[in-house]
Amino acid sequence: MLIVYTQATQVKRESYASGGYQLFMEVKDIEEEKGKDLERAKWYTDIVQQAELADYAPVKGCMVIRPYGYALWENVQKALDQMIKDTGHQNAYFPLFIPESFMQKEKEHVEGFAPECAVVTHGGGKKLEEPLIVRPTSETIINHMFAKWVQSWRDLPLLINQWANVVRWEMRTRLFLRTTEFLWQEGHTAHASEDEAEEEAQKMLAVYKTLAEDWLALPVLTGEKTDNERFRGAVRTYCIEALMRDGKALQAGTSHFLGQNFAKAFDIKFQSAGGDLEYAWQTSWGVSTRLIGAIVLGHGDEKGLVLPPKIAPIQVVIVPIYKTDDEKAQVTKYCEQIVLALKDHARVHADMRDQYTPGWKFNHWEQKGVPIRLNIGPKDVANNVVEIVRRDNFEKMRGVKQTDLANEIPKLLLAVQKNIFERALKFRQESTVKINDYKAFKKTLDEKNGFIEASWCGSGDCEQTVKEDSKATIRLIPFGNDRTPMNDKCVHCGKPAKWQVVFARAY
RNA sequence: CGCCGAGUAGCGCAGUCUGGUUAGCGCGCCUGCUUUGGGAGCAGGAGGUCGUGGGUUCGAAUCCCAUCUCGGCGACCA
């Protein structure tokens, strides 16, 4: 079973859509899948635009994050920022421009990023003496500063985070998932010992997992990246991986143990308690606006977005229903009362626009993924009740007493949050298979994608061959005992297996 | 950057092959009336340098060249 976006339905509903045609998905058999990738891909870009999350900017690969999308990002930001601060980090801001020479100090790092860097060659009408790189990530400039700030073991650990935009000149872009410029946070830390830095990298990975699961309602796998997928300049890269509803994986966040690579390149040295001069041990970690894409692809359905209540810009939308002026006056007054009663318990919005019909508003707010809707008409006013509709399962609750709302709505929001997490978890469990035969491996990918747990020899070349042949990559090597191979042979080459890993086609 | 598809009103498209009055259609928008518990109806109206720049021609949305952008697939990546 797969979710597809069908052309037929699109045409049928075309005339009703506010910004073009209506989005629609249906569950269909795998056999009917051929050639549907385009529709599924289009579903994503359409929904992002129609729900007013983002729009294309006049510059190639760039997007405008619209108010509704930005409000969503702000809520993600707020939750994560608090967790970053709670784990002892401080926010700071470093410049957008980096001297070109800085990028070249760490060998692997420059090799990894040079091709995708935007370079400023002119300023003030003159050619610059040294070109400036628009940061693709800030390791170099931050570490340049760290070298000045770190002298003694007493200066450590240095725990810094910055919220910023970065630019990577990508070949192919998609709204939120991969844009030339994107917003993110990047944490950069320096520690006196290897163990402490390792612990920090793991700690922040755990924070990301909490953010994804508790706030975005997206279950994630955690683990380590293979050499091929490692951040250029890092010793080890850890990641959280989520499964989207079309069965493709999405890397939702990374945390890197940098060892002393950058410390050596940027000369970050400190004098230890024992008097020795030592290089600092470092980490860096980041999540980006790609998370918005993860929410869309992880929860969205045939009607549009489904937002996790905890981060939804609007948690409860009120749609008034009336015919006569008299009814309108009554209903309006009643809605105002309800907004007052709820405003301390939820982010509530009453859509009092006269020019749209209730039916239009139902669809509009469903498309935007608002978790709970209250339908309020004359009958409800007369009985002092409201009708509640859940976005996640369309369950309707009629005749809910107005006096119970302040109590019930927060509970209901939690229930929606829990339900969409569990739904996503169930989907992931059903989409995860253990395979030790390469033919079955490819068959599974072609039929339904999903996560494939398999044993692997540990060779980067072998991994690369699998990628070219099947379009699947190793998303991660699990932690601990989970990485112990289940079979003695590699699923692809048959050589002795080193690890149990998770394969998937990814965004 | 390679291959494919597309750029015509705010959105979705027709017209292009085969050059020829005033460039159409649906939705949206504006005005009025009527409606409102799942994307309402009728009437009237506004809105276009046909992506951009060259060229061919008496005449170009249409043909030729160049270029930009968007989408898909591939190589690269959060």
Side-chain angles (χ1 to χ4, degrees), chain A residues 10-22 35-42 44-46 49-50 55-63 112-116 136-137 166-186 208 225 228-232 237 239-241 250-256 284-294 303 319-325 327-328 331 353-367 373-381 386-387 389 394 396 398 464 467-468 471 473 506-507:
Chain A
Q10 163 188 332
V11 173
K12 197 173 88 188
R13 300 210 161 191
E14 189 171 2
S15 57
Y16 295 113
S18 53
Y21 49 76
Q22 178 72 17
K36 293 293 182 191
D37 277 355
L38 192 147
E39 278 79 16
R40 206 185 290 112
K42 199 164 165 46
Y44 174 78
T45 47
D46 285 348
Q49 290 174 88
Q50 290 190 19
D55 205 350
Y56 287 103
V59 180
K60 181 183 169 69
C62 292
M63 68 172 178
F113 280 102
E116 50 186 297
T137 178
V166 286
V167 168
R168 296 180 188 177
W169 219 260
E170 300 289 351
M171 304 281 179
R172 228 176 101 208
T173 57
R174 293 189 80 183
L175 295 169
F176 288 113
L177 298 174
R178 184 172 299 109
T179 45
T180 301
E181 177 189 8
F182 58 94
L183 306 184
W184 75 346
Q185 64 57 223
E186 48 180 323
Y208 288 162
K225 284 293 186 191
N228 286 347
E229 304 271 326
R230 205 185 71 238
F231 173 75
R232 307 295 275 173
T237 289
C239 63
I240 54 172
E241 289 280 330
L250 184 80
Q251 177 173 306
T254 49
S255 178
H256 317 288
S284 70
W285 27 275
V287 297
S288 71
T289 36
R290 174 180 251 199
L291 288 175
I292 305 299
K303 296 229 173 198
V319 175
I321 299 153
Y322 48 78
K323 289 193 177 83
T324 63
D325 282 350
E327 280 175 356
K328 181 182 171 182
V331 169
R353 291 176 294 180
D354 211 10
Q355 60 272 37
Y356 295 107
T357 63
W360 187 92
K361 290 176 185 174
F362 295 164
N363 287 283
H364 177 74
W365 293 107
E366 276 165 3
Q367 194 167 299
R373 189 179 72 235
L374 305 183
N375 297 342
I376 298 176
K379 296 171 208 164
D380 303 293
V381 177
V386 300
E387 180 177 279
V389 187
F394 297 105
K396 270 189 187 178
R398 294 200 168 85
Q464 187 60 29
K467 182 179 177 181
E468 283 161 16
K471 291 173 198 158
T473 49
Y507 274 97

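To find a chain, count down the sequence lines: A is the first, B the second, and so on, and within it residues start at 1. Worth saying up front: this structure is predicted, and the values here are computed from it rather than measured.
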Regarding [X], tell me which of base, sugar-phosphate or nothing describes its non-hydrogen contacts under 4.0 Å with the strands shown.
X	result
Leu177(A)	base
Pro115(A)	nothing
Lys328(A)	nothing
Ser255(A)	nothing
Asp380(A)	base
Gly293(A)	nothing

What pairs with Phe394(A) under ring-ring contact (aromatic ring centres under 6.0 Å, His included), at least two apart in sequence or on another chain?
none

All ring-ring contact (aromatic ring centres under 6.0 Å, His included) counterparts of Phe182(A), not counting sequence neighbours
Trp184(A)

Distance, rounded to the nearest Å, where [X] contributes [atom1] and [N] contributes [atom2]:
X	N	atom1	atom2	result
Asp55(A)	C11(B)	CG	C1'	11 Å
Arg353(A)	A40(B)	CZ	P	13 Å
Trp360(A)	U35(B)	CH2	C1'	17 Å
Phe362(A)	G38(B)	CZ	P	6 Å
Tyr507(A)	C76(B)	OH	C1'	18 Å
Arg398(A)	G38(B)	CZ	C1'	11 Å
Asn363(A)	U36(B)	CG	C1'	14 Å
Leu175(A)	C70(B)	CG	C1'	11 Å

Got a donor-acceptor pair under 3.5 Å from the side chain of Asn375(A) to the base of G37(B)?
no

Can you tell me, in whole Å, how much space there is between the [atom1] of [N] and that of [M]?
N	M	atom1	answer
U69(B)	U31(B)	C1'	37 Å
G47(B)	G24(B)	C1'	14 Å
G12(B)	C4(B)	C1'	22 Å
C29(B)	G71(B)	C1'	27 Å
G55(B)	U21(B)	P	23 Å
U8(B)	A23(B)	C1'	8 Å
C50(B)	G41(B)	C1'	33 Å
U62(B)	U57(B)	C1'	13 Å

Nearest to the side chain of [X], which nucleotide is it out of [options]?
X	options	result
Glu170(A)	G38(B), G37(B), C77(B)	C77(B)
Tyr322(A)	G38(B), U36(B), G37(B)	U36(B)
Thr179(A)	C29(B), U36(B), A78(B)	A78(B)
Lys303(A)	C76(B), A78(B), G38(B)	G38(B)
Glu387(A)	G37(B), C76(B), A78(B)	G37(B)
Glu366(A)	A78(B), U36(B), G38(B)	G38(B)
Val389(A)	A78(B), G38(B), A40(B)	G38(B)
Gln464(A)	C77(B), C29(B), C76(B)	C76(B)

Test side-chain contact (heavy atoms from CB on, under 4.5 Å) applied to Tyr322(A) and Asp354(A), step by step
CA-CA 10 Å; Tyr322(A) 48 78; Asp354(A) 211 10; 2.6 Å; yes

Search all heavy atoms of Gln49(A) against all heavy atoms of Thr45(A) and return the closest pair with its distance.
NE2-O, 3.1 Å

Just do the side-chain contact (heavy atoms from CB on, under 4.5 Å) check on Thr237(A) and Glu229(A) with the steps written out, would you?
CA-CA 8 Å; Thr237(A) 289; Glu229(A) 304 271 326; over 6 Å; no

[N] phosphate, OP1 or OP2: any side-chain N/O from [X] under 4.0 angstrom?
X	N	answer
Tyr56(A)	G71(B)	yes
Lys471(A)	G74(B)	yes
Arg172(A)	C77(B)	no
Thr254(A)	A78(B)	no
Arg174(A)	G72(B)	yes

Look up atom CG in Leu291(A) and atom CG in Leu183(A), then write down how far apart they are to the nearest 0.5 Å.
11.5 Å

Partner lookup for [N], please. Criteria are Watson-Crick or G-U wobble with both distances under 3.5 angstrom; report none if nothing qualifies.
N	result
U52(B)	A66(B)
G24(B)	C13(B)
C29(B)	G45(B)
G38(B)	none
G74(B)	C1(B)

Six-ring centre of Phe113(A), Arg232(A) cation under 6.0 angstrom, axis tolerance 45°
no

Between Arg373(A) and Glu366(A), does any NZ, NE, NH1 or NH2 come within less than 4.0 Å of an OD or OE carboxylate oxygen?
yes

Taking the side chain from Arg290(A) and the backbone from Leu250(A), do they hold a donor-acceptor pair closer than 3.5 Å?
no

Exam field: side chain Arg230(A) to backbone Lys225(A), donor-acceptor pair closer than 3.5 Å
no

Do the ring planes of Tyr208(A) and Trp285(A) sit parallel (below 30°), tilted (30 to 60°) or perpendicular (above 60°)?
perpendicular

On RNA chain B, more 5' by nearest nucleotide between Glu468(A) and Lys361(A) is Lys361(A)

Tell me which of Thr45(A) and Arg232(A) sits closer to the 5' end of RNA chain B, going by the nucleotide each one is nearest to.
Thr45(A)

Using the 3.5 Å cut-off, write out each protein N or O paired with an N or O of nucleotides 3-8 of chain B and the distance between them.
none

